[in-house]
Amino acid sequence: MEDTPIETKHYDGATGGWGSLKGMIRVFSRELSSPAILETLARQNKPEGYMCSSCAWGKPAHPHLFEFCENGAKSTIWELTRDRCGPEFFAAHPVGELLGWSDYDLEMQGRLTTPLRYDAATDRYVTCGWDEAFAAIGAELRALDPKSVVFYASGKASLETSYLFGLFARMYGHNNLPDSSNMCHETTSVGLKKVIGSPVGTCLLEDFGHCDAIFYFGQNPGTNSPRFLHPLQEAVKRGCKIITFNPVREKGLERFINPQNPIEMLTGHGTDLSHMYLQVRPGGDIAAIMGLCKHVLAIDDARLAAGGPSALDRDFIAAHTAGFDGFAATARATEWSEIERVSGLKRADLERAADVYVAARRVIGVYGMGLTQHVHGTQSIGMLVNLLLLGGHIGRQGAGISPVRGHSNVQGQRTVGISEKPELVPLDKLADMFGFEPPREKGLTTVDACEAIRDGSVQGFVSLGGNFVRAIPERDAMEAAWTNQALTVYIATKLNRSHLVHGRTSYLLPCLARSEEDIQASGRQTVTIEDSFSHIYGSIGKRSPADAMLRSELSIVAGIAKATLPSHPKWRWDDWTGDYGLVRDLIAETYPAEFRDFSARMFQPGGFYRGNAAHERTWKTESGKAEFTHPDVISALGTGDAPGRFHLITMRSNDQFNTTIYGFSDRLRGLEGSRMILLINPSDMLREGLTEGMEVTLVCDAGDDVHREVRGLTVTPFDLPDGCVGGYYPEMNVLVPLWYHDKESKTPASKGVPVRIGRG
Ligand SMILES: Nc1nc2c(c(=O)[nH]1)N[C@H]1C(S)=C(S)[C@@H](COP(=O)(O)OP(=O)(O)OC[C@H]3O[C@@H](n4cnc5c(=O)[nH]c(N)nc54)[C@H](O)[C@@H]3O)O[C@H]1N2
Ligand SMILES: Nc1nc2c(c(=O)[nH]1)N[C@H]1C(S)=C(S)[C@@H](COP(=O)(O)OP(=O)(O)OC[C@H]3O[C@@H](n4cnc5c(=O)[nH]c(N)nc54)[C@H](O)[C@@H]3O)O[C@H]1N2
Ligand SMILES: [Mo]
């Protein structure tokens, strides 16, 4: 690419530093002057404080003075905005008009304040009372077949609320409990469960204080989990080597200036984070890891031939794993030329990276959406586990596999029963505790739910947070089908597009945010959440609610349940609403191994660990061992290379939280001002005859007969591997076919969408 005259966009600064403070101030200068906000930020992620509702990164037992990051602060400030989106707003704007507004403009209206009912005669949301809303929703739900209703959760609501939401679904009569995880780390839940018997990562936060090497795949900490940069920086300073695999040169993985360190802030000297940065092609991770394993095996062969010690942990492999021989044969048989072609990486680089692996005594594998959102994502995760198993790097200090979760309680929601998979929930226990017969058949995932909404078999959708219609694939077709439903219910803090794409009967119910005080019959309530390291924390909101009419998520769920279900002496919705401690007792009774003494332990500094069998080297897999798998594909993409075809990565900017757009600056990538851009490398630009600033259309090239396109994208040169392009999520979601998902978990393959570039 050096010989092309086109310059790519890039950012010269480091992650963190003054840029992160400026980033916060630019978006929120007005809100930052509020003492309430400063007080909330100072208590963020501290024991007995408030747990940030942004990402799921761990909260250390010994927090920094300010244990928050640029993006966590943005999320808190966003919740605590002074703006209100009340009845006058809805009186002034019919839904038909609001459908023409951008995501940014909708959420910028501020916090919802009163319960709202959709009125078809005026095409407006109109104010209604809570009791009226509950009664009407209850009547609609009773009239519907429970199997035709979906209860979606977006990953933020507390363990207490989530437990009751899942319980309500089963008492009502279905397991249709998809959550945002179905678009995110479901690949992990399915993939890791299969090979190590645990649906979640095995690392603890402390492990990052002991590792010698981190193999880092497809996760962007600078934007999505900035507090992770602190342990990464400390690890590098100790001599740990980070080897990064990512098609995009993410600043967060290149250099970090710690905003908590005055010397680094004043001198501008930060830490270079990645020892090697390998710009793998999208979906090229299976091949890249195959190359690493191949070289590790070659080193082992050479050492053994010379009478030296093995480069593998042979005792671990013999005692704890199954399938090593088959996997080793596959790795040996895979040609380097194939590995280089698919990964886009050079053999010499992969060999150097493998040398780092062999030299390290403790290795951690980290990953995010770059592995999970592919057609063969489960196989990529299996490959990363293969790599770690070679050296016995699971189930000991300083080693393990560490998926970085998204929403702040997305992992916890699964833990307490929000799952469409009945086998993951102790149904017999629930039957016993609550005196009812829970449904036993599998429920709908996100993709299944979308298909069922399209074919008309789903008629009701109850949404605990989130912005489902905007987050899913195939948005145009889905929006059209959505309005055929009989009932939609949205429990939310802010207005978003999903609320406008409503069923015939629709309610929009405004709730408290986690940072707000939640007073019930027994007094001020605490809620709990679980982080990426299976640690559980209490969180207390202290801010005055945005409006006196707001209710907590738990009380809204309980209110709808009570209005829907028959009364039963063991179904104590009012008591549970009055004292969340009673719900924690139910959780502890349902999951005694993980949650014993729940309320007593929830304020333990650093959270309490609910345990993980794989961390103790107990493998709850089919074979009872950790399983080496051999992939049946070498690329994780669902489509091959073809003339004119690119694979699209849908990306998050530094100024967004999922579908919530805070602003138009993607500072860490040097991209400013617009989200309607197409990122492409200069050689591909020349090959396609494109010039910077030209407007183009992206067209889906998945080979079915549906036309999907996004118009008006500005060509922007960017450092990417050949054959791929980048664009922003959720704007690009129109292009992702609903059927284009991970084969095993059905996670939409949002990181490798086949597209063509059209003119105009
Ligand atoms: N500020 C902020 N924080 C967030 C969020 C947010 O939107 N904003 N979202 C939250 C949620 S729900 C989630 S799930 C997480 C998401 O956090 P991440 O897991 O970091 O997700 P993404 O930013 O979508 O993509 C991750 C990285 O994968 C790379 N990548 C793309 N394709 C490939 C590939 O084929 N191979 C490899 N190796 N890399 C690839 C991309 O370049 C990108 O750097 O963040 C959470 N935290
Ligand atoms: N193309 C593409 N698509 C993707 C992805 C991608 O990388 N590329 N990423 C996927 C991923 S990882 C995820 S997790 C999903 C995200 O999907 P969702 O979780 O459904 O979406 P969010 O944008 O996080 O939801 C934002 C809305 O949540 C509501 N909200 C915010 N805080 C609260 C609260 O405390 N309580 C309640 N009740 N409501 C609240 C607000 O109304 C806000 O508008 O999108 C997925 N879609
Ligand atoms: Mo996510």
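Ligands are counted one by one from 1 in listed order, and the atoms in each one are counted from 1 as well. Note that this is a predicted model, so its numbers are computed, not measured.
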Next on the checklist: Any donor-acceptor pair under 3.5 Å linking the side-chain atoms of Thr488 with those of Tyr507?
Outcome noted: no
Checklist entry - Which pairs, with at least one residue in residues 366-382 and sequence neighbours excluded, count as a salt bridge (charged side-chain N to carboxylate O under 4.0 Å, His left out)? => result none
Next on the checklist: For ligand 1, give me the residues whose heavy-atom distance to it is below 4.0 Å, by chain and number please.
Outcome noted: Cys55, Asn71, Cys184, Gly218, Gln219, Asn220, Thr223, Asn224, Phe245, Asn246, Pro247, Val248, Glu250, Val280, Pro282, Gly283, Asp285, Gly368, Met369, Gly370, His374, Gly406, His407, Ile649, Arg652, Gln656, Phe657, Asn658, Lys751
Next on the checklist: Please check if the number of heavy atoms outside Lys743 that lie under 6.0 Å from its NZ is greater than 12.
Outcome noted: no
Next on the checklist: Can you name the atoms of ligand 2, numbered from 1 with element, that are less than 4.0 Å from a heavy atom of Gly465?
Outcome noted: 37 (C), 38 (N), 39 (N)
Item to check | Region of Thr493 that comes within reach of ligand 2 [heavy atoms, distance under 4.0 Å] | outcome: both
Checklist entry - Will you find, in the side chains of Thr378 and Asp742, an N or O donor that is under 3.5 Å from an N or O acceptor? => result yes
Checklist entry - Should you measure from each heavy atom of Glu553, which atoms of ligand 2 turn up under 4.0 Å away? => result 34 (C), 36 (N), 37 (C), 38 (N)
Checklist entry - Any Lys/Arg nitrogen of Asp641 or Arg281 sitting under 4.0 Å from an Asp/Glu carboxylate oxygen of the other? => result yes
Checklist entry - Does even one non-hydrogen atom of Tyr490 get within less than 4.0 Å of ligand 2? => result no
Item to check | Per-atom contacts, ligand 2 versus Cys511 - under 4.0 Å to a heavy atom | outcome: 36 (N), 37 (C), 38 (N)
Checklist entry - Between Phe89 and Trp101, does the ring centre distance come in under 6.0 Å? => result yes
Checklist entry - Salt bridge or not for Glu517 and Arg543, using N-O below 4.0 Å? => result no
Checklist entry - Can Glu107 and Thr660 be counted as having a side-chain donor-acceptor contact under 3.5 angstrom? => result yes
Next on the checklist: Which of the numbered atoms in ligand 2 are under 4.0 angstrom from any heavy atom belonging to Tyr152?
Outcome noted: 17 (O), 18 (P), 19 (O), 20 (O)
Checklist entry - Under 3.5 Å between some N or O of ligand 2 and some N or O of Lys494? => result yes
Next on the checklist: I'd like to check the side chain to side chain donor-acceptor pair (under 3.5 Å) partners of Asn386; sequence neighbours left out, ordered by chain and number.
Outcome noted: none
Item to check | Partners passing side chain to side chain donor-acceptor pair (under 3.5 Å) against Asn467 (at least two apart in sequence or in another chain) | outcome: Ser498, Thr659
Item to check | Side chain, backbone, both or neither: the part of Glu107 lying under 4.0 Å from ligand 2 by heavy atom | outcome: side chain
